[in-house]
Structures are given as C-alpha cells and as structure tokens.
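Below is one structure, written out as structure tokens, with a few remarks after it.
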Amino acid sequence: MLSEQEIQRREALNRLRQLGYEPYPASEFSVTHTAEEILNGFETNPDAFQSVRLAGRIMSKRIMGKAAFSDLKDHTGRVQLYFNRDEICAGEDKTAYNEVYKKLTDIGDFLGVQGEVFKTRMGEISVLVKEFVFLSKSLRPLPVVKTDADGKVYDAFTDPEQRYRQRYVDLIVNPEVKNTFVTRSQIINSMRSVFNEKGYLEVETPILQPIPGGAAARPFITHHNALDIPLYLRIANELYLKRLIVGGFDGVYEFAKDFRNEGMDRTHNPEFTVMEIYVAYKDYRWMMGFTEQLLETVVKDVNKGETKVTVGDQVIDFKAPFKRVTMTDAIKEHTGIDITGMNEEQLRKACQSLGIETDETMGKAKLIDEIFGEKCEKNYIQPTFITDYPKEMSPLCKRHRDNPDLTERFELMVNGKELANAYSELNDPIDQRERFEEQLALSEKGDDEAMFIDHDFLRALEYGMPPAAGLGIGIDRLTMFLTNNSSIQEVLFFPQMRPEKKPVLPTVDDYLALGISEAWAEHVMKVYPTPKAMLELKPTQVHQTLNGFRKKQKLDLPALQLEDVSSWF
RNA sequence: GACUCGAUAGCUCAGCUGGUAGAGCAUAACACUUUUAAUGUUAGGGUCCUGGGUUCGAGCCCCAGUCGAGUCACCA
C-alpha cells in the first residue's frame, strides 16, 4: 500500500514526463562548483561565481508567490537556491516555475542547476537559478529535520532502529553521522600510512578458513559444495599472517573483517574490523613503544593535532608513553590478592572470596581472566598497557623471558575496555604444539571456545619463524573512542539487525491460488480478509454467505455452486 | 538469557475514568517578488506492532507473541 504522499509523487513523476522533463536522465550533469566552494569563495572573489553549475538533493522549499527558496545539499554541504519565476521562465509560458518547480519538485529530488551566485537581503549567499533539470525524482518522503537560528533541532530523525536499518536516510538528514564515518576512514588511512612508511606490506589472507584459528571464539560455519567440506568464517587472521613471516616478509599487516558467532550488544557486532600487524625480529616491549606512537599519531591526525579525546564524561589523553602495569600487579592493586604461583584450586577459592562465579570448565587462565575482567579492567581509563599474562590464557604467545608461567603479552586498556592486544609471538614449534594440546584438553573439558590444532601452522613453525611481535587493534572500538560514540552500531554503516518482518497482507493471487475464479476473487477478499479466515469455516456456510453478498451488492456474476466452493477447501 | 521501557499519520510526539483518534513538521489548495523552523487561511492523510481475552464498547485493561532501546548476564 502506498501512502498518500507516495501516490502524489508518482503522479508528479508522470506529469513531469508529460511536460517533457525526464526525471531519470541518462546523461552526465557536469558540475563546476560545490556548495562548499560557493560558500567559502564568493565573498573574496564574487566575479568567479557569475555562472555556476551544481547538483544535489533538494532539502527544503519556501515559496512566496513569484519567488522561492530551496536548500540544495551536495556532498560538501548545503547552499540556498533562489528560484524567481521570471528568471526561470523568460517568455510567457510560466510552467517551469508555476508547475514544474512549485508543484512537481519535492523534498528529496536531485536537481542540477545553473545560475549566478549572489547575496540575499538577509545576507545569505545563494544561487540565483537560471536553469534546472531533474537528475533523479524521489518517490518517498524524507523525514524533514529543521534547525532554527539558535541551532535547536526540530523533529530529529532519532529512532535507532530506523537509523540503522535505513542508514541512507540517516546520512541524508543527520549530517553529523557522516563525520563519524569520515573519521573512521581517516583512522584507517592514518594507520596505513604509518605502516607503509616503515615499509610493512599490506596483505590479504583467507576469510574462509578450514580451521578457524588465532582466537578463542565461536565461529560461523558454512559449506563448500565442490570440495564438500565445512569452511569457517575467520575469527582471526593471526595464523595466516605469521605464515607470511615464516615466508620471509619483515612486516605484514591487514585490516581484517573477523566474524564471531556470539551475542550482540552495543559493543559487539557479529562482524567487526581488526587491524593486525606482525613485525619480524621485534618483541612485545618494542611493540608497546610502537603502539603508543601509532595511536598518538592516529589520534592527532583525526583530532586536529590534539592528543586529548573526550569519551562520554572522561577526557582521555593518548600522549605517549602510556602507563605499564603487569597483570599480577593489577590484580594485587585492585583485590589485594597475589596470584603468583597459585594453582587452579587456589584461584577458584580466590574467585569465591571476591564473589566471582566460577564453573568446572574454567581452567587457570579463565579464572585469572575473570578476576581481571571483574575487578580490574574497568579502572583503567587512561591508556594503560597490562602486561605479562598467564601462560594458559595465551596459547600463541611466547613464554616470558623471566618467568615461565607468564607470557610476553600486553593488552592496551582504554576507558575500561580492551583496545589492543599484542605478543612476542611464540615461534618454538614444540612449545606451540603443547599449547595447542592444552587447548584440546580444555575443549574436551567443555570450553567451546578453546582453539583447534592447526597442523599446517605447526608445520610452518617447524621450518622456522623469526622472532616477531604481533599487534591487533580493534578498529571499531578505536573509532568509538575517537568519535565519542558509546555503541558499535554508531560506527558501522550497516550493523547487524534482526531481519525486518513485513506483515504479509493477502493479495488477490492468494485467493486465485485456491481456485477461485478471477471474477469472484476480489469479492471473496472483501468478505474474508484472509484466505485462512474463510478456510476455517464450512464450505456450505461460505457458499451461502458469498451468494448473499452477491445479492446484496447486486453483482453481475453467476451465483456460486456449492461444488465450486467446496473445491477451494 | 533476565529485568525495565517503548511501538499511534511520511517524521517527532500527545492521548482524559475504557466511550467518534490529536498537535507540530511534511503533503494538497489558495494568497504572497529576498525567505530562512518563512507566514496566513483551508483541506486530506491512521490495519493505534500482531494475535487472543475481559467489556455493551479497547489506542488505553489482561494474556501471549514480534521488533527495538536501556541495564545486567554471556562474550577477550
């Protein structure tokens, strides 16, 4: 069902064609200026704007008799158009103004205009339109958001569901939304140029993987028909990037979409973007320095040279160097408990004393992780490196040079959340095999996120991988920080949503499908709004009701026979 | 998964004890030659998310469901 406004727009479309205006022309419309160029350049050099051509979407109309104003929005901003009847219609025929502009042009239509820039009595730089053409007619009304002189916004399009489901509408009417995505793109560009300057190589690795490795998470499963094998959407790309280090690259990085089949909320989307980088002959200490420099550079690039960023009610300073705290010290500081040397049983007790729920499937690593996640994580607002994680939590990470129970790992915590994760990569193939086997044991214990054993990865390590440092940064989270958004949905163009369910209204075809004649179908539909409503009744009753309807409405149709009606059931 | 809140016109939202469904913007018509949330007059526009129940009568009350938001849990 079309709404009244949609019908009117379709009628306007037909009328335009009647008048010889093509609403969807094929040819290019060449543009000489953007809205931004006009607004910025006119004051200093008015002569350069005697004749301009620009294109964009009509966002408002204000008509006053023979004169009218519209806002035209292009990719750079909005500029006001001034339509004057006698400027547009040189001769006697005033159709172009009176009908085409005033009646047939709607908010949302794309127009191309040619005209002259001037300043109105109110002092607004505007384009006096001499000619205009349709570039694309809009058939659905846009939400109209208005802003008054004080910057107060009226009738904002704010419903998150509609904004995410119809991001295109969100982008049209909520200009600040665009900035978030521009920043996101700048973040990635800035990182990429840091890496490229160092000579590291941007690479691509498989998204469809026979063994989903490199992280602890549940994967999505799919199936390859020709090979008749299951394939998994990657949960990480770590093992592939390390194979490339084995292959002899000095530094490789990838901006990777990963997929995890887990819950969704305002910080988790089933697909998300991670930047991972691996650099040969480095360790995690070098990587800490590299990470803080990288982030300081990125933040300055997108934040006008400033290192301070406002996130909610916090101000976070990304100026290097960042604080460094070992995980053991962090737990000691926030719980008073020293977990050094504790076994699984002792850790379980420690959890109980802290009021943390545990279960039998949890190994040492999970228990420690629980304590940290529950009691410590939220305290690190300013960028802080948490270092030296227990071995069991980090099956791909090299043992700590000073303590074999720990690993050379750090996570960067910002605003109480993990932003980055890095290791001195484990390159001892025998140790790596043992770690995988421990994971297998965990998996048998019921941990459905424990890692699979990737034999090809082990084979690669057996050929020899140089020592290397690896780093992963959550691009979505970083973007959330740098655009001051508290939900991941705001930094993804198209966040995952439950499918839209359209109420399925019965059509005439549904009635025809039952074998009802074409002549009768539309009338049956009036009596029984759904086929189901009819089929629940007895054929005899339906037969009588319909013939009664025929008589009452004086339908020029032969009366129904009971056999006809029965055949529908 | 638990709890709380929400779903009414194209958009943002009202809706009295349960008694003919409202406003602003948008739309249509008329007026108006520099407006800017343009203005003035008039008009049209609704399966009140879905399905049941209570009732003479449900947008409102009750039950179930769908979708969304928030909080928590889960999830590196």
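All chains are named by letter (A, B, ...) in the order of the sequence lines, taking the proteins before the strands, and each is independently numbered beginning at 1.
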What pairs of nitrogen or oxygen atoms, one from the protein and one from nucleotides 27-31 of chain B, lie under 3.5 Å apart?
| from | atom 1 | to | atom 2 | distance (Å) |
| --- | --- | --- | --- | --- |
| B/U27 | O4' | A/Gln5 | OE1 | 3.4 |
| B/U27 | O2' | A/Gln8 | OE1 | 2.1 |
| B/U27 | O2' | A/Gln8 | NE2 | 3.2 |
| B/C30 | OP2 | A/Lys103 | NZ | 3.0 |

Do you know the tightest heavy-atom contact between A/Pro141 and A/Gln5?
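It is CB-OE1, 3.5 Å.
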Go through the structure and list residues passing ring-ring contact (aromatic ring centres under 6.0 Å, His included) with A/Phe259, not counting sequence neighbours.
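Once residues adjacent in sequence are excluded, A/Phe259 has no partner under the ring-ring contact (aromatic ring centres under 6.0 Å, His included) criterion.
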What contact category does [X] fall into here, base, sugar-phosphate, or nothing, at under 4.0 angstrom with non-hydrogen atoms?
| X | value |
| --- | --- |
| A/Arg163 | nothing |
| A/Asp71 | nothing |
| A/Phe118 | base |

Sort and list the pairs that fulfil salt bridge (charged side-chain N to carboxylate O under 4.0 Å, His left out) and have at least one residue in residues 78-97 of chain A, not counting sequence neighbours.
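Residue pairs with at least one partner in residues 78-97 of chain A: A/Asp71-A/Arg78, A/Asp86-A/Lys94.
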Would you list the protein and nucleotides 4-7 of chain B atom pairs, both N or O, that sit under 3.5 Å from each other?
none

Pairs under 3.5 angstrom, nitrogen or oxygen only, protein versus nucleotides 20-22 of chain B, please.
none

My understanding is that only residues two or more places apart in sequence, or in another chain, count here; which of them pass side-chain contact (heavy atoms from CB on, under 4.5 Å) with A/Gln50?
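With sequence neighbours excluded, A/Gln50 shows a side-chain contact (heavy atoms from CB on, under 4.5 Å) to A/Asp47, given in chain and number order.
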Checking A/Asp155 now: which residues fulfil side-chain contact (heavy atoms from CB on, under 4.5 Å) with it, not counting sequence neighbours?
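Expected list: none.
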OP1 or OP2 of B/U71 less than 4.0 angstrom from a side-chain nitrogen or oxygen of A/Arg266, does that happen here?
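For A/Arg266, the contact criterion (side-chain N or O under 4.0 Å from OP1 or OP2 of B/U71) is met.
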If you compare every side-chain N and O of A/Lys146 against the phosphate oxygens of B/G24 (OP1, OP2), does one of them come in below 4.0 Å?
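No, because none of the side-chain N or O atoms of A/Lys146 sits under 4.0 Å from OP1 or OP2 of B/G24.
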Could you check whether the side chain of A/Arg62 and the base of B/A37 have a donor-acceptor pair of N or O atoms closer than 3.5 Å, going by distance alone?
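No.
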Contacts of type salt bridge (charged side-chain N to carboxylate O under 4.0 Å, His left out), residue [X], not counting sequence neighbours:
| X | answer |
| --- | --- |
| A/Arg266 | none |
| A/Glu377 | none |
| A/Glu99 | A/Arg15 |

Among residues 121-130 of chain A, which contact RNA chain B at a heavy-atom distance under 4.0 Å?
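A/Arg121, A/Met122, A/Glu124 - these, ordered by number, are the residues of the stretch whose heavy atoms sit under 4.0 Å from the strand.
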RNA chain B: stems of at least 3 consecutive Watson-Crick or G-U pairs, cut-off 3.5 Å?
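Stem list for RNA chain B: B:1-7 with B:66-72, B:10-13 with B:22-25, B:27-31 with B:39-43, B:49-53 with B:61-65.
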